[in-house]
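Below: one structure, written as structure tokens.
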Protein chains: 2
Amino acid sequence: MGRLAPVRRASTVDLIAERLREAVVDGSLPPGTVLGEAELAYQLGVSRGPLREAMQRLTAEGLLVIPRRRGLAVRTMTAEDVRDIHWLRARIEPELGRRILTLPPAERRAVLAELGAEVKRMQRALRKDDARALGDAYLDFHRVLAVWGGSLRLARMLGTLLIETRLCTFSMFEHFEVHRDLVPEHVAFVEALAAEDGERFGMLVQAHLEAEVRRLLAEPEDPKHDDSDRLHAETPDEPQPLDRLDLPEGL
Amino acid sequence: MGRLAPVRRASTVDLIAERLREAVVDGSLPPGTVLGEAELAYQLGVSRGPLREAMQRLTAEGLLVIPRRRGLAVRTMTAEDVRDIHWLRARIEPELGRRILTLPPAERRAVLAELGAEVKRMQRALRKDDARALGDAYLDFHRVLAVWGGSLRLARMLGTLLIETRLCTFSMFEHFEVHRDLVPEHVAFVEALAAEDGERFGMLVQAHLEAEVRRLLAEPEDPKHDDSDRLHAETPDEPQPLDRLDLPEGL
DNA sequence: TATTGTAAGTTTGTCGACAATCTGATGATC
DNA sequence: GATCATCAGATTGTCGACAAACTTACAATA
């Protein structure tokens with residue numbers, strides 16, 4: 001008899017949390033956004049109870065802060081957060097290549113195919129000058145890495161770190177922005193994996209993450225710094241010119 | 001004018017979450033414990049609303065699972081979780097030594113003092129054959145490492161991983177248990193730091209974590225395996241012979 | 001005897017409401 | 001004119017209640 005996977009229906013709280021995460025990722029809820037519970041609950045079509053539960057979950061994930069008696073606010077990342085998040089990613093992601101290379105050949109090929117597809121998405125986005133699509137493909141590329149190179153727990157944890165990375169971008173620049181070099185860097189990642197060179201993969205990822213920190217904190221790599229390599233996009237979805245609020249962390 | 005740190009009152013949800021974390025750490029709520037919301041809310045002296053919010057937070061932290069319509073259950077760690085958690089710790093903790101060594105001398109001395117104090121606590125506990133106290137000092141030792149070697153975020157994340165480590169112990173053995181070697185291992189950590197040898201510190205921590213995995217999964221290091229090195233303690237606080245339940249993860 | 005159908009009981013998931021608290025502004029006093 | 005006190009408005013934090021859903025036990029049938 002074939003094993004049936006257990007049914008897993010998402011609870012309302014799951015749904016709300018997922019919706020809020022999406023909103024954070026796609027920029028509908030830029031960092032610093034302050035929202036009232038009643039209003040937000042009405043928009044989502046739920047009552048305040050489940051919404052508050054979802055808020056607590058996202059708070060634990062570090063995406064939201066809950067200032068007392070002020071509803072909820074999307075977390076604004078600081079320079080320290082940027083360094084922090086990338087430091088953590090740099091401890092984990094370079095190792096994932098090694099782990100992927102220990103997978104059975106069939107799965108390994110599958111991973112390479114998926115990663116290749118994401119890189120193609122990135123290239124297409126670059127040709128169209130679509131910063132948003134490029135950033136989304138970037139997220140998915142690293143998610144694939146996490147899913148195959150790690151466990152469920154690791155995938156979840158890295159998933160959160162990746163969303164936080166996006167929050168860093170939104171926090172550091174007013175608009176969404178990615179760097180053109182992203183694409184060749186990721187091409188190199190895939191090439192290293194295809195060549196079964198885990199060592200090289202690790203070093204490339206490490207270098208990429210360090211470069212990302214520099215780009216986010218606007219520390220030029222070399223004196224003749226040029227902004228023309230940056231691809232940016234206004235956040236088109238729900239412009240919401242909401243108030244900003246920098247709080248000393250609500251937790 | 002002197003900078004005042006902002007006042008931070010803990011919300012009810014914070015309090016409940018902290019109380020539940022404590023209960024998980026001290027074994028009052030062993031893995032697999034299933035609790036009804038109403039009963040638990042009554043015990044804590046709060047209504048179900050805030051309790052449910054705290055549950056969501058602990059779920060995001062990975063300590064609880066919320067099976068649908070069955071209240072809440074303390075997560076039971078699997079062998080994969082054990083490997084996972086220690087793999088993550090092994091990516092992070094060895095680096096903390098290096099970072100502590102870059103601290104200004106005054107702070108560095110303070111850290112060493114704190115770590116030394118924790119080791120002393122461990123030694124006292126060992127002399128009394130008090131496994132529980134030994135385990136608590138172990139947790140605090142590594143918390144000190146996280147606080148000084150990392151950022152707030154890192155401290156919180158590692159804090160969660162440490163509680164999960166405790167859950168691993170509870171999940172793998174029926175009773176609380178630690179290994180005698182823990183103490184000399186930690187003495188060596190402090191010595192390496194005192195000698196400003198970050199490299200050696202890293203390797204020792206790495207080795208410790210690998211050993212922990214072996215101990216937890218009962219993979220003997222050498223053929224003539226001997227259990228006499230293990231120190232165990234029944235969980236005295238609230239014996240609660242509660243039902244056990246192994247669920248396919250509620251999230 | 002094993003299995004399925006039924007029903008009662010229990011518990012959760014969700015909602016609405018109340019009260020405490022905070023914010024912001026207005027007015028009074030020095 | 002500036003500072004402090006007071007007050008109204010709005011919003012959260014908490015609670016109680018209802019209904020839906022699930023579990024478990026029991027009985028009936030093949």
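What you see below is based on every heavy atom in this structure, not just the backbone, and it leaves out hydrogens, waters and symmetry mates. Letters A, B, ... mirror the listed sequences (proteins, then strands); counts begin at 1.
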**Request:** Report the residues that fulfil side-chain hydrogen bond (donor to acceptor under 3.5 Å, both in side chains) with A:E37, sequence neighbours left out, ordered by chain and then residue number.
**Result:** A:R48, A:R52
**Fill in**
Sequence neighbours excluded, the answer for side-chain hydrogen bond (donor to acceptor under 3.5 Å, both in side chains) partners of B:W148 is B:E114
**Request:** Can you sort out the partners of B:R89 under side-chain hydrogen bond (donor to acceptor under 3.5 Å, both in side chains), two or more places apart, ordered by chain and number?
**Result:** B:E93, B:Y138, B:H142, B:T165
**Request:** May I ask you to say what A:V46 touches in the nucleic acid, namely base, sugar-phosphate or nothing, with a heavy-atom cut-off under 4.0 Å?
**Result:** sugar-phosphate
**Message:** In whole Å, I'd like the distance from the CE atom of A:M55 to the C1' atom of D:dG13.
**Reply:** 11 Å
**Asked** Taking CD from B:E53 and P from D:dC15, how many angstroms apart are they, rounded to a whole number?
**Response** 11 Å
What protein N or O atoms touch nucleotides 10-12 of chain D N or O atoms at under 3.5 angstrom, if any, and at what distances?
unit_1 : atom_1 : unit_2 : atom_2 : d
D:dT12 : OP1    : A:E37  : N      : 3.1
D:dT12 : O2     : A:R69  : NH1    : 3.3

**Between C:dG13 (C1') and B:L51 (CG): distance, integer Å** = 14 Å
**Item:** Derivation and outcome, side-chain contact (heavy atoms from CB on, under 4.5 Å), residues B:M77 and B:I85
**Value:** CA-CA 10 Å; B:M77 294 295 175; B:I85 290 165; 4.2 Å; yes
**Fill in**
By salt bridge (Lys or Arg N to Asp or Glu O under 4.0 Å), A:R91 pairs with (sequence neighbours left out) none
**Message:** List the residues meeting side-chain hydrogen bond (donor to acceptor under 3.5 Å, both in side chains) with A:S151, not counting sequence neighbours, and say none if there are none.
**Reply:** B:D84
**Prompt:** Rounded to the nearest Å, what distance is computed from the CD1 atom of residue B:I66 to the P atom of nucleotide C:dT11?
**Reply:** 17 Å
